[in-house]
Amino acid sequence: MEEPVTAEQLRARGNALFQAGDHAAALAAYTEALSLSEAPSERAVLHRNRAACYLKLEDYTKAEADASKAIAADGRDVKALFRRSQALQQLGRMDQAVSDLQRCLSLEPRNKAFQEALRALGSSMHEKMKAMSCTDSKVEQMFQILLDLEEKDADKKQKAAQNLIVLAREEAGAEKIFQSDGVRLLMQLLDTAKADLMLAALRTLVGLCSGHRSRTAAILAELGAPRLAAVLGVEHEQVSLAACNLLHVMFDSLKEGLQKDFRGKEDAVVLDSSKDLKLLIKHLLELLVLDGASAHGRDNALNLLIKVVPRKSPKETNNSLSLWVIDQGLKKILEVGSTVCGSSGSLPVTENSRMSTSVLLSKLYEDLKCDAERENFHRLCEDYVRSWFEGHELPGKLRAIQTVSCLLQGPSDAGNRVLELEGIMDSVLSLCASVCEAHQLVAVEALIHAADKAKRASFITANGVNLLKEIYKHSERDSIRIRALVGLCKLGSAGGTDFSMKQFAEGSTMKLAKQCRKWLCNEAIDAGTRRWAVEGLAYLTFDADVKEEFVEDKAAMQAMFQLAKSEDRSVLYAVASTLVNCTNSYDHEEPDPQMLELAKYAKQHIPEQHPKDKPEFVKRRVRKLLTAGVVSALACMVKSENPALTSSCRELISRVFLALVEEAEDRGGVVAQGGGKALIPLSLEGTEVGQTKAAQALAKITITSNPEMAFPGERIYEVVRPLVSLLHLQRTGLENFEGLMALTNLAGISERLRQKILKERAVPMIEGYMFEEHELIRLAATECMCNMAMSKEVQEMFLAEGSDRLKLMVLYSGEEDEKLRRAASGTLAMLTTLHPPICKRIPQVTVHWLEILQALLLSASAELQHRGAVVVMNMMAAAREVAEQLIASEMLEILSVLAKDKDKPRVAQAAQESLAHAVAYGLIKPNPGLA
């Protein structure tokens with residue numbers, strides 16, 4: 001019987017076949033080897049080899065994909081980078097090809113092949129742009145190919161479309177298309193109703209509009225807002241998404257004007273874009289209630305309104321756009337939120353539509369600045385609910401109750417106001433007993449959302465548990481029972497993590513959690529219903545016993561992770577909440593012992609921690625979540641651009657990530673599964689707390705991992721800003737310390753990274769922490785400055801007039817703390833080596849300079865001796881007058897002894913060179929016995 005072939009044998013066979021020129025057979029061998037190989041490093045090599053085969057076989061899309069997989073495993077893999085650049089070049093993505101080649105050269109600067117390839121590609125791009133931008137005929141030729149109905153060559157059309165998109169990304173190319181009657185021709189492409197041509201037109205228009213206000217206004221005038229809104233509402237998802245992207249770019253250009261170098265010229269052309277903005281928004285609002293619009297087109301319109309209408313920052317004073325939308329379109333927005341799926345005449349919606357509507361309503365409400373504006377919002381909502389509730393029989397009552405649910409999930413103040421309207425709560429309660437499942441679902445969901453805001457709904461506080469228990473026990477429908485269970489969970493979790501505040505009888509919480517897990521794992525139940533099981537767990541996992549049972553149930557964890565990756569994004573917050581509870585990553589302060597004693601004396605309630613919420617239990621739960629695949633689920637959640645990924649949801653995810661990287665040994669696994677990549681956007685957008693938690697997680701990873709491996713390619717530069725944010729004064733000492741440690745690692749990698757740190761204005765903050773009382777923070781800041789001192793700009797700072805930077809570094813070199821002395825003397829050694837003028841300044845900054853240098857040379861630490869010897873050597877070489885001061889002291893005797901020390905060759909070498917400089921200056925006579 002033959003022995004099974006191994007992955008290594010298959011790879012060797014593939015290599016031989018490739019050398020022989022049989023690229024198809026080599027590809028097959030590498031593919032088979034991949035199916036047998038599990039080691040990431042081996043798989044990366046196989047992907048790289050397959051990329052070479054695909055290049056030979058001229059399948060450039062697959063070549064790029066395989067090379068990218070190899071690069072994801074090792075960002076310094078020059079072969080994979082070079083192969084991807086070749087594939088990208090053939091695919092017409094020249095800018096990305098150049099980026100990969102530049103990366104290759106940064107890794108191997110003397111590689112002639114890379115130099116030649118970059119030169120050739122640059123020349124090729126120049127010629128291409130010249131040919132395409134110098135004559136109108138090229139643009140016309142591309143449009144002719146695309147608009148020729150007789151043209152059957154799909155590749156030719158695809159290449160023309162790609163060339164058009166690439167050309168539009170460059171300002172010269174975009175202007176050439178615009179001036180060559182391009183907008184009319186792009187409009188013809190849109191009118192073909194063919195998806196591929198519509199996508200090409202929309203993506204080209206993105207290039208034309210990006211950062212150019214006058215061109216955007218002209219394009220909007222020619223295409224017309226109705227046409228753009230109609231394209232957004234088409235059934236084809238990719239086309240609708242591309243139209244959404246175009247409209248977002250147009251909004252940004254109209255709102256912000258130019259972000260490029262020709263601002264002055266453009267501002268003179270277009271002074272006021274508010275009419276254009278309102279025109280676009282008006283058509284988006286009309287699309288929401290248009291019968292012919294697709295469900296995902298409606299979602300895209302909601303997402304756009306969320307992004308472009310409310311103010312991005314409270315610092316902006318003008319909220320007129322939100323006020324205009326509320327007056328002109330609140331009713332239309334509520335039409336989507338009130339839609340009852342399955343009822344006659346209902347608008348087509350997705351499982352995400354109502355959540356998106358709630359988020360939009362919440363954003364609009366939060367954007368209001370005074371009581372009068374809020375009162376107007378309440379009045380409009382109440383009028384809308386009454387209009388459905390009164391005189392429309394049962395269908396109208398259902399729409400009214402659905403609106404209440406939507407408002408309770410969004411601006412809950414408005415939800416509570418309409419909940420208290422006469423007859424609403426009575427209708428909710430009566431419909432809970434309906435024999436029609438659809439009607440009962442609407443009512444029970446409203447009751448659940450009202451239970452969440454139970455402070456205003458006193459009836460639910462008093463009677464909700466019994467009502468929901470009856471529904472839970474007696475309903476024959478799982479879809480109803482699961483929702484009733486969630487309501488019970490919400491009412492039963494009022495004590496939060498306080499072990500002594502139990503709402504239910506002993507064991508009831510565990511039974512509810514068990515039923516939630518059972519429903520969660522039941523794939524026979526639709527995903528929309530199973531989502532409610534996660535909602536229940538989000539409340540029940542306040543209980544540590546429930547947390548422990550949940551992490552032991554691998555099937556339940558993985559079922560939850562699968563839901564988190566599904567199309568239904570409304571589950572995101574519940575998943576994130578459950579994980580925050582399991583990892584104990586919520587804020588919890590230790591109570592003051594004196595206050596505890598006072599509370600006991602006054603017989604007040606004292607919160608108690610569950611025994612299973614102690615650190616050792618939390619650590620074990622984190623490990624189980626990691627093993628179950630929590631990181632890939634979180635990474636997938638972060639990729640979502642859905643409104644369900646709110647700022648508060650992002651904060652919860654950041655908290656979980658910080659808990660996952662608490663232990664150094666877990667960080668590599670978190671990075672390997674996409675955690676590092678996911679943390680970057682979390683650290684740049686969201687609540688201040690969420691951004692800080694994500695930045696701290698990035699710092700922990702950067703401290704203990706190789707940053708170039710953890711954040712390959714350009715990603716490493718994106719990490720700098722979050723890390724610098726940890727240095728702000730309002731951050732905790734631990735956050736300051738970890739930020740400094742992480743920046744120290746980055747500053748030691750390359751000049752480009754040091755320049756990025758400088759650009760983020762981190763140096764003054766680093767310098768400030770060098771005066772910190774806490775010795776570890778002071779040390780970390782000094783070490784960071786040591787690495788930053790490799791940069792020319794930082795070196796110049798040490799010579800600035802009136803600055804005490806150099807004085808501080810000299811004095812720290814004489815401190816008792818050996819680690820601080822090592823960091824400071826290392827900085828001096830580097831500064832005096834790289835910037836000789838500093839050598840002359842050292843004697844001027846403090847009278848203690850000589851004794852500090854002597855103490856370094858006499859230190860018991862060989863490392864400190866070497867750093868001191870290098871500083872003295874550089875000072876001796878810099879100027880005769882400095883050398884005279886050194887030689888006139890006891891330094892000559894110390895150097896003479898050290899120069900003969902054979903046990904410390906590096907120190908002896910530096911001492912010998914110092915003495916040689918003294919001889920050269922004629923300060924001492926040569927010693928023939930000196931080695």
Side-chain angles (χ1 to χ4, degrees), residues 18 40-41 44-56 58 60-130 162 166 169-170 173 671 676-677 680 702 705-721 743 745-760 787-788 790-794 834:
F18 188 89
S41 58
V45 171
L46 290 165
H47 280 301
R48 185 178 73 198
N49 291 356
R50 286 209 319 177
C53 294
Y54 283 129
L55 283 171
K56 293 291 185 182
E58 298 184 8
Y60 302 117
T61 303
K62 288 182 179 175
E64 187 229 351
D66 263 304
S68 294
K69 286 175 184 174
I71 294 162
D74 180 8
R76 300 172 68 87
D77 187 338
V78 289
K79 287 185 181 178
L81 283 162
F82 185 64
R83 285 167 193 169
R84 187 168 72 176
S85 77
Q86 291 175 298
L88 289 166
Q89 188 175 349
Q90 293 298 329
L91 291 168
R93 287 148 65 184
M94 301 299 188
D95 50 345
Q96 292 169 277
V98 167
S99 177
D100 276 354
L101 272 176
Q102 287 172 337
R103 176 76 176 142
C104 289
L105 266 176
S106 73
L107 293 167
E108 292 186 16
R110 296 182 181 177
N111 190 308
K112 293 268 174 44
F114 296 163
Q115 292 171 358
E116 187 55 38
L118 187 60
R119 198 177 299 115
L121 183 56
S123 174
S124 165
M125 284 181 72
H126 179 73
E127 289 299 317
K128 187 168 186 177
M129 285 305 299
K130 189 178 175 184
Q162 187 63 43
V166 169
R169 287 176 188 158
E170 299 290 333
V671 170
K677 183 180 179 182
I680 294 171
T702 309
S705 309
N706 177 349
E708 291 177 286
M709 297 290 286
F711 309 106
E714 293 297 303
R715 203 174 298 155
I716 195 169
Y717 302 100
E718 297 175 49
V719 177
V720 173
R721 182 171 295 172
L743 286 169
N745 275 4
L746 292 186
I749 291 172
S750 70
E751 179 58 23
R752 189 179 164 195
L753 273 167
R754 288 189 287 276
Q755 288 298 321
K756 177 71 176 168
I757 295 168
L758 276 164
K759 191 177 176 184
E760 294 295 337
N787 282 354
M788 286 301 296
M790 288 187 269
S791 187
K792 189 77 173 171
E793 288 92 327
V794 178
L834 298 173

Between N49 and R83, is any pair of side-chain heavy atoms under 4.5 Å apart? yes

If you apply the rule side chain to side chain contact (heavy atoms under 4.5 Å, CB included), what do you find for I749 with N787, and how did you get there? CA-CA 9 Å; I749 291 172; N787 282 354; over 6 Å; no

How about V78 and R103: do any of their side-chain heavy atoms sit closer than 4.5 Å? no

Taking the six-membered ring for Trp, is the centroid-to-centroid distance between F114 and F82 below 6.0 Å? yes

Q89/Y60 under side chain to side chain contact (heavy atoms under 4.5 Å, CB included): CA gap, chis, key distance, verdict: CA-CA 9 Å; Q89 188 175 349; Y60 302 117; over 6 Å; no

Got a second to check how far L101's CG is from E116's CD, nearest 0.5 Å? 11.0 Å

More than 12 non-hydrogen atoms from neighbouring residues, nucleotides or ligands closer than 6.0 Å to CZ on R715, yes or no? yes

Let me see the working for R169 and V166 under side chain to side chain contact (heavy atoms under 4.5 Å, CB included), right down to the final yes or no. CA-CA 5 Å; R169 287 176 188 158; V166 169; 4.3 Å; yes

Between CD1 of I716 and OG1 of T702, what distance do you get to the nearest 0.5 Å? 8.0 Å

Pairing donors with acceptors under 3.5 angstrom, does anything connect the side chains of Q755 and E751? yes

CD of E708 to CG of N745: how many Å apart, nearest 0.5 Å? 10.5 Å

Going through the distances and angles, do N111 and C104 end up as a side chain to side chain contact (heavy atoms under 4.5 Å, CB included)? CA-CA 9 Å; N111 190 308; C104 289; over 6 Å; no

What heavy-atom pair brings E718 and I680 nearest, and what distance separates the two atoms? OE1-CG2, 3.5 Å

Do side-chain atoms of S750 reach the backbone of L753 as a donor and acceptor pair under 3.5 angstrom? yes

Non-hydrogen atoms of L107 and G75 that approach each other most closely: CD1-O, 4.4 Å

Looking only at heavy atoms, the pair that brings A80 and A67 closest together is O-CB, 3.6 Å

OG on S791 to CG on L834, rounded to 0.5 Å: 10.0 Å

How long is the span from the CZ atom in R48 to the CG atom in D74, to the nearest 0.5 Å? 8.5 Å

Working to the nearest 0.5 Å, report the span between NZ of K756 and CZ of R754. 15.5 Å

Tell me the closest heavy-atom pair linking M790 and A747, and the distance in Å. CE-O, 3.9 Å

R752 bridged to E714 by N-O distance under 4.0 Å: yes

Identify whether the distance between the nearest side-chain nitrogen and carboxylate oxygen of E64 and R84 falls below 4.0 Å. no

Which residues satisfy the ring pair (Phe, Tyr, Trp, His ring centres under 6.0 Å) test with Y717, sequence neighbours excluded? none

A70 and A44 have their tightest heavy-atom pair at CB-O, 3.4 Å

